[in-house]
Amino acid sequence: RPEAFRTSFRDLAPGQSRSLLLPVTGACDPQHAAAVNAWAVTAGGARADWSRRVSFLAASRRQIGLRADGLLADWSNPHLIHIGPLGAARRDAPGSNPDVPGDLSAEGSVIWDDKALHLLLVVTDDVHRNERQDASLWDGDSIQLGFARDPGREGVECCEISVGLGTAGPQAWIHRNFGGCATGAGRFPLMVRRQGTRTTYELAIPWELLGIDHPVAGLWLGLGLVLNESDSGKRGWLGWHQGIATDKNPALYGQIVLTQ
């Protein structure tokens, strides 16, 4: 929307901070980011500017705990992730054409509780091929996830995880993480199951793995998500937002907001 929201921060003492709530009406499309530009001007004429690209995907609260068992009835979240040929990031692998129904697409959802952030993703893929494991798991049919605690900002720390059904079976690998947090083999509850042309991924990522002690409603996180495709041994991908498959830039991730 071209018009600006305006609000006041009068009576703010030196060294104090205040949150300003700016209501946004209408539907928010979680598949695409919006440019937000903000500026603050003091009575003396000093000015500070802030610019980010933001998106909105609500992650509802559910009591699930640290488990990933494929009980999809738990996932009654109306806010869905859709990944298809018109997504923000795409490179077709040889022999793959996501424009053809049934070739490659996904729907998923994110929910949370006090112990973990939960992701469910159901991928439709006509051929499953992953002859990799451990740190090279991404170089086959798999998913890659990126998390940022300061979403939309350039140059921040992030966590990047690959999950797939490769030669070592269902597996996760943490390629990089926030300072002091685990990397290497992902030792958290996960399930990867292939049935027909569908691969179901269910993850329960403990908050401490992301360096978060006390998750609360209103917490805002960057989330990048890529479907890797390797039907012929050469990789392609489809992405929900950007920032993982090519330029490794957490500022381009999509974003989620924890809700009650």
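FYI, the numbering just counts along the sequence from 1. Small disclaimer: the values here were computed from a predicted structure and weren't measured.
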**Flag for N249-Q242: side-chain donor and acceptor within less than 3.5 Å** = no
**Item:** D103-S96 side chain donor-acceptor pair, cut-off 3.5 Å
**Value:** yes
Closest heavy-atom contact between [X] and [Y]?
{"X": "R129", "Y": "G233", "value": "NH1-CA, 3.0 Å"}
{"X": "D125", "Y": "V127", "value": "OD2-O, 2.8 Å"}
{"X": "V163", "Y": "Y201", "value": "O-CE2, 3.6 Å"}
{"X": "P170", "Y": "L190", "value": "CB-CD1, 3.9 Å"}
{"X": "N228", "Y": "G140", "value": "CB-O, 3.3 Å"}
{"X": "W39", "Y": "V41", "value": "CD1-CG2, 4.0 Å"}

**side-chain contact (heavy atoms from CB on, under 4.5 Å) between N130 and L165, intermediate numbers included** = CA-CA 7 Å; N130 192 323; L165 183 62; over 6 Å; no
If I take atom [atom1] from residue [X] and atom [atom2] from residue [Y], how far apart are they, to the nearest 0.5 angstrom?
{"X": "R18", "Y": "L12", "atom1": "CZ", "atom2": "CG", "value": "5.0 Å"}
{"X": "Q63", "Y": "I111", "atom1": "CD", "atom2": "CD1", "value": "10.0 Å"}
{"X": "L80", "Y": "S109", "atom1": "CG", "atom2": "OG", "value": "5.5 Å"}
{"X": "S142", "Y": "R132", "atom1": "OG", "atom2": "CZ", "value": "11.0 Å"}
{"X": "N97", "Y": "E229", "atom1": "CG", "atom2": "CD", "value": "10.5 Å"}
{"X": "D141", "Y": "I143", "atom1": "CG", "atom2": "CD1", "value": "12.0 Å"}

If Ile, Leu, Val, Met, Phe, Trp and Tyr residues are connected whenever their side-chain heavy atoms lie under 4.5 Å apart, and connections chain through other members, are [X] and [Y] in the same group?
{"X": "L145", "Y": "W240", "result": "yes"}
{"X": "W237", "Y": "I244", "result": "yes"}
{"X": "W173", "Y": "L227", "result": "no"}
{"X": "I81", "Y": "Y253", "result": "no"}

Please table the atom pairs, donor to acceptor, closer than 3.5 Å between any side-chain atom in residues 206-226 and protein atoms at least two apart or in another chain.
from, atom 1, to, atom 2, distance (Å)
W207, NE1, D113, O, 2.8
W207, NE1, A116, O, 3.4

Side chains of [X] and [Y]: closer than 4.5 Å at any heavy-atom pair?
{"X": "L117", "Y": "V110", "answer": "yes"}
{"X": "I256", "Y": "W112", "answer": "no"}
{"X": "T200", "Y": "L120", "answer": "yes"}
{"X": "F178", "Y": "E157", "answer": "yes"}
{"X": "F147", "Y": "N177", "answer": "no"}
{"X": "P85", "Y": "R90", "answer": "yes"}

Can you check whether [Y]'s main-chain N or O pairs, donor with acceptor, with [X]'s side chain at less than 3.5 Å?
{"X": "S162", "Y": "L137", "value": "no"}
{"X": "Q171", "Y": "D134", "value": "yes"}
{"X": "W138", "Y": "I161", "value": "no"}
{"X": "D139", "Y": "R235", "value": "no"}

Answer yes or no: does atom [atom1] of [X] have more than 12 heavy-atom neighbours from other residues, nucleotides or ligands under 6.0 Å?
{"X": "K248", "atom1": "NZ", "value": "yes"}
{"X": "R194", "atom1": "CZ", "value": "yes"}
{"X": "R176", "atom1": "CZ", "value": "yes"}

**Message:** Go through it in stages, so that I can follow the logic: the residues are N37 and S51, the test is side-chain hydrogen bond (donor to acceptor under 3.5 Å, both in side chains), and I'd like the CA-CA distance, side-chain angles, deciding distance and then a yes or no.
**Reply:** CA-CA 4 Å; N37 302 295; S51 179; 2.8 Å; yes
**Asked** Hey, mind stepping through R149 and V156 against side-chain contact (heavy atoms from CB on, under 4.5 Å) and telling me if it holds?
**Response** CA-CA 8 Å; R149 296 191 306 232; V156 300; over 6 Å; no
